[in-house]
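Structure, as structure tokens:
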Amino acid sequence: MATVRTRFAPSPTGYMHIGGMRTALFNWLWARHNGGTFILRIDDTDQQRNIDEALGPILRAFKWLGLNWDEGPEVGGPFAPYFQSQRGELYRAAADRLLREGKAYRCFETKEQIEQDRKLAEAEKRQYVSQRRSLELSEAAIQQFVAEAKPHVVRLLVPRDQKVVIQDHIRDRVEWDAALIPDPVIMRSDGSPLYNFATVIDDAHMQITHVIRAEEHLSNTPIQVLLHQALGHTLPEFAHIPYVAAPGSKEKLSKRKLEQYRKNVAFKRMCDKGDAVFPQIGLGGCGGLDPVMVEYYERVGFLPAGVLNGLLRLGWSLDDKSEIFSLDDAVKQFTLDRVIKAPAGFDPDKLLSYQQHWMTQLSLDEKVAGCLPYLVKAGLIVGQVSSLPSQEGQVENVPLETREFVTRLITALGDRIKLFSDILDNAYFFREEVVYDEKEFSKRVAKEGVAALLSGYRDRIAELPEWSVETLEAALKSHCEANGQSPGTLIHALRISTTGVPIGPGVYECLLLVGKARSLRRIEAAVQRVTG
RNA sequence: GGCCCCGUCGUCUAGUUAGGCCUAGGACACCGGAUUUUCAUUCCGGCAACAGGGGUUCGAAUCCCCUCGGGGUCACCA
């Protein structure tokens with residue numbers, strides 16, 4: 001069998017859709033699984049805008065996730081160029097050939113005429129097909145129209161006497177009746193190709209063996225098959241994978257319906273994370289990011305492995321128990337026959353659970369490296385986020401002392417860091433002042449006898465020659481015993497006084513992290529706040 | 001509406017090709033409980049599904065038929 005060649009062909013929209021990323025991943029995996037080639041081709045036949053700006057985020061997503069492409073933008077390849085906007089010659093030549101061979105025709109009908117035909121067909125409850133009036137034009141008349149530059153499109157002459165059948169890797173046999181297919185436009189009146197046409201030319205030219213794409217393209221398939229046949233190409237194999245659905249629904253996940261998705265609890269939680277994090281790291285207006293975009297996950301501090309694992313399991317499974325896959329595992333085990341047929345609803349919670357798993361696999365240094373940029377951007381520590389694109393996400397010029405402190409903090413935080421941006425929930429270790437959780441403060445500090453207990457403990461540890469978990473704990477135990485109070489009372493009060501919140505590492509760790517001088521000041525302040 | 005696709009716990013899914021190993025398994029979420037005097041982790045336990053109806057069969061989630069439901073697509077978009 002020939003080498004497997006797959007492609008992903010995004011149009012430059014300015015962002016990478018998470019569902020599109022899943023399609024790209026499946027293409028990439030199938031190529032890698034077979035030791036084949038993965039191609040990135042840019043479908044920009046309809047784009048007049050700034051390509052660099054619109055393509056940047058897409059390439060960025062591939063790079064972030066580590067899905068390299070063998071041929072395409074930046075790397076070139078034997079079938080360059082990989083931008084459809086630069087392949088016009090190829091399409092024109094193919095269209096001319098079809099025209100010459102009588103497999104396509106120039107259609108001079110106006111949009112109004114066609115619209116009318118369509119309405120009539122609808123009124124008569126029959127399927128609309130092209131009326132092909134231009135076919136009755138004489139050769140001379142056509143030549144004259146062309147010479148006059150009379151506006152027209154080129155349409156494929158659909159052979160109405162046949163059935164189109166494909167053997168889809170996922171859907172098995174699918175059949176259409178060509179008699180019901182209107183003649184598709186393949187070249188616009190401005191001479192540019194349409195998607196279906198350009199795709200067919202390019203897939204054949206680039207020797208694509210497997211067309212793996214979302215099922216919304218299933219209805220394009222008969223047209224493409226007909227086109228391949230008209231051009232004498234061997235058909236690629238098709239695999240129409242289900243689209244990624246909106247959380248808790250079967251509808252295609254769409255960027256336009258964000259507000260609606262927010263009604264879903266898990267999706268809202270995911271949105272809230274960005275809303276909380278982005279303003280802190282200088283992404284005003286959340287940087288225009290949302291959870292439908294791959295970049296959202298990068299910016300909010302996901303790991304590529306977490307996102308990849310989540311995407312892989314959306315519509316694919318190996319067996320009845322395997323959940324965790326590294327990219328290498330996925331390459332080894334991915335096959336098209338294990339792709340599910342039904343649309344898979346995007347589940348932010350499940351994605352988070354994969355993320356959580358992969359976070360535990362990180363070394364301490366890797367965690368620190370991932371968290372530092374957030375602290376720098378939020379202005380909690382000094383340092384610089386590298387400006388080199390290749391070093392994106394790296395920081396430099398962080399004082400050694402600071403780095404050591406952050407390392408200690410992250411060690412103490414342990415599993416509490418699920419996303420790199422979670423480090424920002426610990427700002428009170430970096431700032432002078434604390435912000436109290438008022439409810440907790442009144443519950444645990446502003447209580448009868450607690451201020452005195454705190455104050456006494458403060459005096460006691462102020463005298464301590466050495467602060468360590470052991471000495472602080474011993475001091476607390478004996479202080480509570482001497483005052484006839486339960487250790488819990490003091491522990492909670494201490495935590496709220498020194499960090500402001502009822503969550504975080506062990507209280508003695510907190511004390512050490514906050515530091516002796518600052519801890520004493522904070523306890524004093526909390527006592528003052530209660531006693532006036 | 002036409003064409004096409006799909007239908008197992010709330011969600012992701014195993015099981016359907018070769019009917020019995022399925023009183024339907026796992027994971028996420030949720031709810032309990034244990035550990036951690038917080039939180040998170042970890043560990044135990046619980047809740048929860050074959051869209052419906054007919055067949056075929058000793059036996060059906062699995063095979064056949066019908067119904068219902070959901071979705072995709074119907075452009076000089078991709």
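Note on naming: letters A, B, ... go to the chains in the order of the sequence lines (proteins, then strands), and numbering restarts at 1 for each one.
- The base-pairing partner of B:G20, taking Watson-Crick or G-U wobble contacts with both distances under 3.5 Å, is B:C58.
- For the pair A:R338 and A:F334, the NZ or CZ position fails the cation-pi test of under 6.0 Å to the six-membered ring centre and within 45 degrees of the ring normal.
- Residue contacts for A:N220: at a heavy-atom cut-off of 4.0 Å it reaches a base atom on one of the strands shown.
- Distance from the side chain of A:P502 is smallest to B:U38 among B:U38, B:C5, B:A75.
- Nucleic acid contact class of A:K111 (heavy atoms, under 4.0 Å, all strands): base.
- Considering only the side chain of A:I340, B:U13 comes nearest among B:U41, B:C5, B:U13.
- Within 4.0 Å of A:G310, counting heavy atoms only, lies no atom of the nucleic acid at all.
- A:Y82 and A:D202 form no side-chain donor-acceptor contact under 3.5 Å, judged by distance and modelled atom types alone.
- Nearest to the side chain of A:Y195, among B:A40, B:C76, B:A78, sits B:A78.
- Within 3.5 Å, no donor on the side chain of A:R171 pairs with an acceptor on the base of B:C5, nor the reverse.
- Using N1 to N3 plus N6-O4 or O6-N4 for Watson-Crick, or N1-O2 and O6-N3 for G-U wobble, each under 3.5 Å, B:C39 pairs with nothing.
- Using a 4.0 Å cut-off, some side-chain N or O of A:R338 falls inside it from OP1 or OP2 of B:G15.
- You won't find any donor-acceptor pair under 3.5 Å spanning the side chain of A:K321 and the base of B:A27, going by distance alone.
- Across all strands shown, B:G46 is found opposite B:C30 as a Watson-Crick or G-U wobble partner, with both distances under 3.5 Å.
- Between the base of B:G26 and the side chain of A:E323 there is a donor-acceptor pair shorter than 3.5 Å.
- Here the nucleotide nearest the side chain of A:K250, chosen from B:U73, B:G71, B:C4, is B:G71.
- No side-chain N or O of A:R160 forms a donor-acceptor pair with one of A:S130 less than 3.5 Å apart.
- Contact annotation for A:H217: base contact, defined as any heavy-atom pair under 4.0 Å involving a base atom.
- Inspection of the A:T499 and A:R495 side chains reveals no N or O donor paired with an N or O acceptor under 3.5 Å.
- At the heavy-atom level, A:V185 lies under 4.0 Å from the strands shown only through sugar-phosphate atoms.
- If you check every strand for non-hydrogen atoms under 4.0 Å, A:E175 touches sugar and phosphate atoms only.
- Under the Watson-Crick or G-U wobble criterion, with both distances below 3.5 Å, B:C3 is paired with B:G72.
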